[in-house]
Amino acid sequence: MRRTAPMPKTERKSDHGDEALYALRHSTAHVMAGAVLELFPEAKFGFGPPVADGFYYDFDLPRPLTDEDLPRIEERMRATIARDLPFEHREMSAPDAIGFFTQRRQDYKVEQIEKLGGKDREDDTAGARNGKISIYQHGDFVDLCRGPHVKRTSEIGPFKLLSVAGAYWRGNERNPQLQRIYGTVWPTQKQLDEYLEKLKEIERRDHRALGRDLELFRIDEELGSGLVLWLPNLAIVREELETWWRQVHRARGYTLVYTPHIAHEKIYQRSGHIEKYGENMYGPLLLDEGTQRFWIKPMNCPGHIKVYQSKIHSYRELPLRIGELGTVYRYERGGTLHGMLRVRGFTQDDSHIFCSWAQAQSEIGKVFDLAMEFLRTFGYREPRIYLSTRPERRLGSDEMWDKAEKALADALGVREVPFQIDEGGGVFYAPKIDIKVMDAIGREWQGPTIQIDLNLPERFDVTFVNEKGERERAVMIHRVLFGSLERFVGGLIEHFAGNFPLWLNWEQAAIIPVRETARPYAEELAGKLRAAGFRVTLDDQPGDLRTRIKEAQRRKASYMLVVGDKEAVAGTVSVRRRGAGQGEEERGVKLDDLLARLVAERDTKALPADFQLRVTSAADALSS
RNA sequence: GCCGACGUAGCUCAGCCGGUAGAGCAGCGGUUUCGUAAACCGCCGGUCGGCAGUUCGAGUCUGCCCGUCGGCUCCA
């Protein structure tokens with residue numbers, strides 16, 4: 001699963017929170033731009049829209065900004081706010097506006113006016129209506145802008161500038177790069193504080209920091225950037241996930257396979273990967289004096305097709321659901337790598353379902369149900385479903401696209417699942433269903449996807465024999481639930497803040513004898529738990545109890561089981577749950593009761609008691 | 001890949017205007033056997049990301065490369 005950018009993009013739809021918040025954010029962006037103009041009279045301005053939780057503005061400046069510039073800009077913004085300037089709106093004809101902004105050397109604004117061409121446009125904050133160009137001004141700062149704004153600068157609430165970053169003009173990497181300042185603004189100080197607190201919470205949950213502290217994973221420069229070492233603790237999490245994944249898939253009629261990690265160039269020529277995806281592939285590996293070329297696999301589909309084609313299939317055998325935890329390698333550009341969330345080698349929980357068109361809708365529905373079960377298991381919530389339809393550049397006939405889109409839509413329709421259509425959002429070879437979910441602190445993540453491949457079955461001539469004894473083209477449904485284990489588990493670390501549910505935790509219980517004398521009892525307890533399949537550490541280190549409790553908490557052991565002479569005599573345990581506060585431990589728990597409780601919690605895959613949903617999205621903050 | 005910042009011990013960080021590297025935690029060795037979130041003493045540990053250059057002398061200055069971080073672009 002991929003998290004959407006920590007600093008989310010402009011929301012294109014009318015989803016800016018309410019109008020007042022939109023105006024507030026947008027006005028603050030103007031005030032910031034005005035402050036930048038005061039510091040850099042030669043500044044040129046790009047776009048400066050509101051975004052979720054704040055705003056940004058792009059500038060072309062004579063020198064790079066540093067973090068030290070932000071307080072200076074903030075200071076001037078405060079001065080502007082204190083002057084209580086009005087936001088004045090006026091309109092100009094397009095030629096007048098071009099003349100006006102040309103005179104001010106605002107090349108990007110001029111380009112934008114020319115692009116608008118006097119036509120009504122919905123998509124940009126810079127606006128034109130009925131051939132008139134809309135302008136807003138406060139003080140000396142004049143901007144091409146559709147509005148609306150707050151009435152006066154004094155209405156701007158508590159704000160903070162957050163970061164400086166590079167951004168391409170119009171988001172196109174062939175265009176010049178501008179400097180972007182991100183900021184946030186809120187109606188009240190309390191809301192600003194809450195938002196800043198949420199940013200800190202995000203930092204605390206950062207899987208890279210937790211990954212280091214909890215010895216979960218490591219990325220070593222010498223080994224190669226973007227390549228993840230799963231350390232023993234996280235390897236246990238992965239093993240549990242994989243075991244469960246296999247079990248669930250077998251139960252749902254999947255056939256699990258293994259396919260090789262490198263393959264001959266021939267197959268990637270046929271699949272089109274060399275042509276369409278070659279830039280991202282590792283290779284070629286030259287063998288037999290360079291006469292044979294091999295590539296490292298970037299996707300599992302060709303291998304699964306070969307598995308399917310290992311024999312002729314009758315319609316009676318369909319649907320055939322071929323699954324694999326398939327490890328792939330893709331070259332990603334240096335600047336895009338990010339912990340476990342964006343890597344160069346990863347394992348997909350990939351499956352390809354081969355079926356007839358008549359079966360497609362039902363199969364998609366089954367995948368959808370399975371996807372929802374997965375998300376529920378981990379406590380992800382508020383799933384939002386998107387149906388992404390044919391893009392402009394695509395392969396396959398319109399007739400095929402009609403069928404495929406209909407199968408996806410019908411599968412959702414049968415379940416009465418509300419979904420949104422992402423027009424043109426499909427990939428070039430397939431329409432798809434995307435499921436997006438919220439994590440524990442209200443961030444959106446990309447979840448499972450289901451696609452109907454309209455390319456590979458043709459290229460590989462994938463068929464089955466139908467009731468009439470004819471060869472019929474098979475439908476190929478491509479789906480992932482985790483996506484990649486690296487990204488999914490990286491996301492889980494943040495979602496759980498490192499506090500994994502019992503069934504996944506590498507240290508399910510830490511047994512802590514109070515004194516040496518309780519050691520034999522502690523060992524007996526450890527033995528019983530281990531016999532029941534639990535991962536247990538026995539902390540027989542010297543040191544006082546408080547320290548050993550603290551250490552077990554730091555390691556995020558699910559339970560701390562303290563045993564002393566009293567427990568040894570009574571055959572009980574003192575149970576302290578991870579995250580429990582002072583005096584919350586439970587004394588005198590009978591061994592059998594403890595065991596029963598742990599088994600139940602593990603086997604039901606219960607979410608941990610210290611797992612909480614924290615809802616602090618902008619909309620929630622506003623309504624409070 | 002692009003823009004900017006950064007790279008000192010396993011981790012977090014100090015190190016002034018260039019003069020031969022320091023702390024806490026962790027680790028190791030002791031002491032302490034303790035009732036629910038930091039006991040005490042000692043020791044080890046660094047080619048200061050790499051390679052060039054400037055200089056009598058570079059962790060400190062310059063260049064190139066690698067990596068990381070914040071974004072952009074791209075994406076499972």
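The chains referred to below are lettered A, B, ... by the order of the sequence lines, with proteins before strands, and numbering in each begins at 1.
Remark: A/R576 pairs with no residue by the side-chain hydrogen bond (donor to acceptor under 3.5 Å, both in side chains) rule, at least two apart or across chains.
Distance, A/E222 CD to B/U47 P: 14 Å, rounded to whole Å.
Taking atom C1' on both B/A23 and B/U33, the two are 31 Å apart, rounded to the nearest angstrom. Going from the P atom of B/G24 to that of B/U60 covers 26 Å, rounded to whole Å. Spacing of C1' atoms, B/G45 relative to B/G1, comes out at 39 Å, to the nearest Å. Here, B/G63 and B/A76 have their C1' atoms 39 Å apart, quoted to the whole Å.
Within the 4.0 angstrom heavy-atom criterion, base atoms lie near A/D565. Residue contacts for A/E68: at a heavy-atom cut-off of 4.0 Å it reaches no nucleic acid atom on any strand shown.
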*Can you check each nucleotide of nucleotides 1-16 of chain B against protein heavy atoms at under 4.0 Å and return B for base, S for sugar-phosphate only, - for none, in 5' to 3' order?*
BBBS------SS----
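Contact annotation: the side chain of A/E507 never approaches that of A/K556 to less than 4.5 Å [non-hydrogen atoms, C-beta and beyond].
Both tests pass for A/K276 against the ring of A/F428: distance under 6.0 Å to the centre and angle within 45° of the axis.
With no hydrogens or angles considered, a side-chain donor-acceptor pair links A/R180 and A/Y182 at under 3.5 Å. A donor-acceptor pair shorter than 3.5 Å cannot be found between the side chains of A/Q451 and A/H478.
Where pairing requires Watson-Crick or G-U contacts shorter than 3.5 Å, the helical stems of RNA chain B with at least three consecutive pairs are B:1-7 with B:66-72, B:10-13 with B:22-25, B:27-31 with B:39-43, B:49-53 with B:61-65.
Taking the ring centroids of A/W244 and A/F374, they lie under the 6.0 Å cut-off.
Note on ring orientation: taking the six-membered ring where Trp is involved, the planes of A/F482 and A/F488 are tilted (angle from 30° to 60°).
Applying the 90° cutoff around 0 to the glycosidic angle, B/C69 is assigned anti.
No hydrogens or angles were tested; on distance alone, a donor-acceptor pair under 3.5 Å links the side chain of A/R342 to the base of B/C74. Residue-to-nucleotide contacts include no donor-acceptor pair under 3.5 Å from the side chain of A/R548 to the base of B/A38.
With centroids closer than 5.5 Å and planes inclined by less than 30 degrees as the test, A/F346 and the base of B/A76 pass as a stacked pair.
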